[in-house]
Colleague: 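This is the structure, below, for whatever I ask next.
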Amino acid sequence: MITSNVGPKVQRLIALIGEKYKLSKNLTVRALTEFGVTWAEDFELILDSLFLNDEDLDSAMKGYSAFSLDSMRRQKAFENVREYPKKTFAEAAGEVYFNEAHMMREYLPGLLLSHFLWLHHYRQLRFFDTAFLVPMGQAGGDTRFAEVGVGTAVYSRRILDRIPEARGTGFDISPFSCAFAIQHLRAAAVADRFTMNQQDIIVSPIEPVPWLVCVEVLEHLEQPVHFLKALRQGLAPGGKAFITAALNAAHADHIYLYRNAEEVLAHLEIAGFRLEQLFVAAAYTPPAKGVPVPLAAAFIVY
Ligand SMILES: C[S@@+](CC[C@H](N)C(=O)[O-])C[C@H]1O[C@@H](n2cnc3c(N)ncnc32)[C@H](O)[C@@H]1O
């Protein structure tokens with residue numbers, strides 16, 4: 001693999017994966033082959049601002065490995081039973097969103113790296129760029145945005161990095177996601193244009209904005225339509241939203257099973273959204289005919 005035109009942090013990560021995380025080796029090779037230096041430059045920005053030294057990088061990779069191994073184990077079980085294990089939102093929240101050690105050591109670093117190491121996640125980010133970010137940058141006018149379920153803040157950061165006049169507000173129920181997001185945005189020197197709220201938007205509705213982002217939250221809920229109706233109230237007339245869902249993806253905190261993009265679209269429409277564009281990417285080729293694979297489904301709606 002040619003890595004001479006790859007930045008130092010991505011080079012270190014590739015070396016680290018080669019030494020200690022061999023199961024993930026193909027991921028960087030495939031990303032570089034498919035997306036080339038664009039992927040490496042994009043990833044370098046994130047790694048460089050958040051992981052100051054090899055120890056930080058190693059600790060993030062350790063978190064990513066635990067996060068992805070756990071998901072792979074759950075996915076194997078899902079392939080057999082084709083249902084997610086029954087779990088309430090309160091149970092998932094206790095196990096995941098309010099579990100500080102898990103969130104800070106595994107979940108959030110794991111998710112952050114997955115945006116670049118999982119090809120379907122990175123393809124979704126690129127769809128976000130072309131279908132949402134570019135039109136937002138070109139629209140001028142009111143560039144206030146909100147992100148609900150901010151998590152790692154990868155998406156909010158992308159807006160703040162690329163659109164200097166944009167100002168954002170984030171909402172997340174997890175105190176650890178809020179802390180991680182702010183830490184990330186400070187490290188990227190864009191936190192002065194962002195306000196983070198630990199808030200459930202169903203309980204306390206948000207002020208409508210013209211640009212709205214919600215990435216991988218719907219499958220975490222018992223009643224996604226209920227949440228989507230609150231989200232719809234947060235979109236100003238004439239505004240645009242980027243909303244995604246993970247389908248057939250058995251993670252510890254995925255409790256609502258979406259099997260295809262049509263099911264998500266039906267929920268979006270019940271909540272009052274109208275479709276502008278749809279994107280679907282698979283995590284990998286099914287190992288055998290009919291075996292469900294994780295999909296990333298993203299919708300530009302208004
Ligand atoms: C898979 S993560 C989302 C990842 C994030 N959008 C990103 O790209 O990194 C799910 C996030 O949704 C948050 N969440 C779960 N239920 C929520 C709810 N009802 N309202 C707001 N946030 C919620 C969790 O705390 C967690 O930070």
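Position 1 is the first residue of the sequence; numbering continues from there. First listed ligand is number 1; within each ligand, the first listed atom is number 1. Heavy-atom basis, side chains included; hydrogens, waters and symmetry copies ignored.
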Colleague: Enumerate donor-acceptor pairs with a distance under 3.5 Å from any side-chain N or O in residues 261-268 to protein atoms, sequence neighbours excluded.
Modeller:
residue	atom	partner	partner atom	Å
E263	OE1	R259	N	2.9
H267	ND1	Y258	OH	2.8

Colleague: Ligand 1: which protein N/O atoms lie under 3.5 Å from its N/O atoms?
Modeller:
residue	atom	partner	partner atom	Å
ligand 1	6 (N)	G149	O	2.8
ligand 1	6 (N)	V215	O	2.9
ligand 1	8 (O)	H115	NE2	3.1
ligand 1	9 (O)	H115	NE2	3.3
ligand 1	9 (O)	T152	N	3.1
ligand 1	9 (O)	T152	OG1	2.6
ligand 1	25 (O)	D172	OD1	2.6
ligand 1	27 (O)	D172	OD1	3.2
ligand 1	27 (O)	D172	OD2	2.8
ligand 1	27 (O)	S177	OG	2.7

Colleague: For residues Y107 and T152, determine if any side-chain heavy atom of one lies less than 4.5 Å from a side-chain heavy atom of the other.
Modeller: no

Colleague: Tell me if the aromatic rings of H251 and Y84 count as close, with their centers under 6.0 Å from one another.
Modeller: no

Colleague: Do W211 and F242 pass the ring pair (Phe, Tyr, Trp, His ring centres under 6.0 Å) test, and can you show the C-alpha distance, the side-chain angles, and the key distance before you say yes or no?
Modeller: CA-CA 8 Å; W211 302 95; F242 178 84; over 10 Å; no

Colleague: Say whether, by atom type as modelled, one donor and one acceptor occur between the side chain of K20 and the main chain of L16 under 3.5 angstrom.
Modeller: no

Colleague: Taking the six-membered ring of F128 as reference, does the cationic atom of R158 (NZ for Lys, CZ for Arg) lie under 6.0 Å from its centre and within 45° of its axis?
Modeller: no

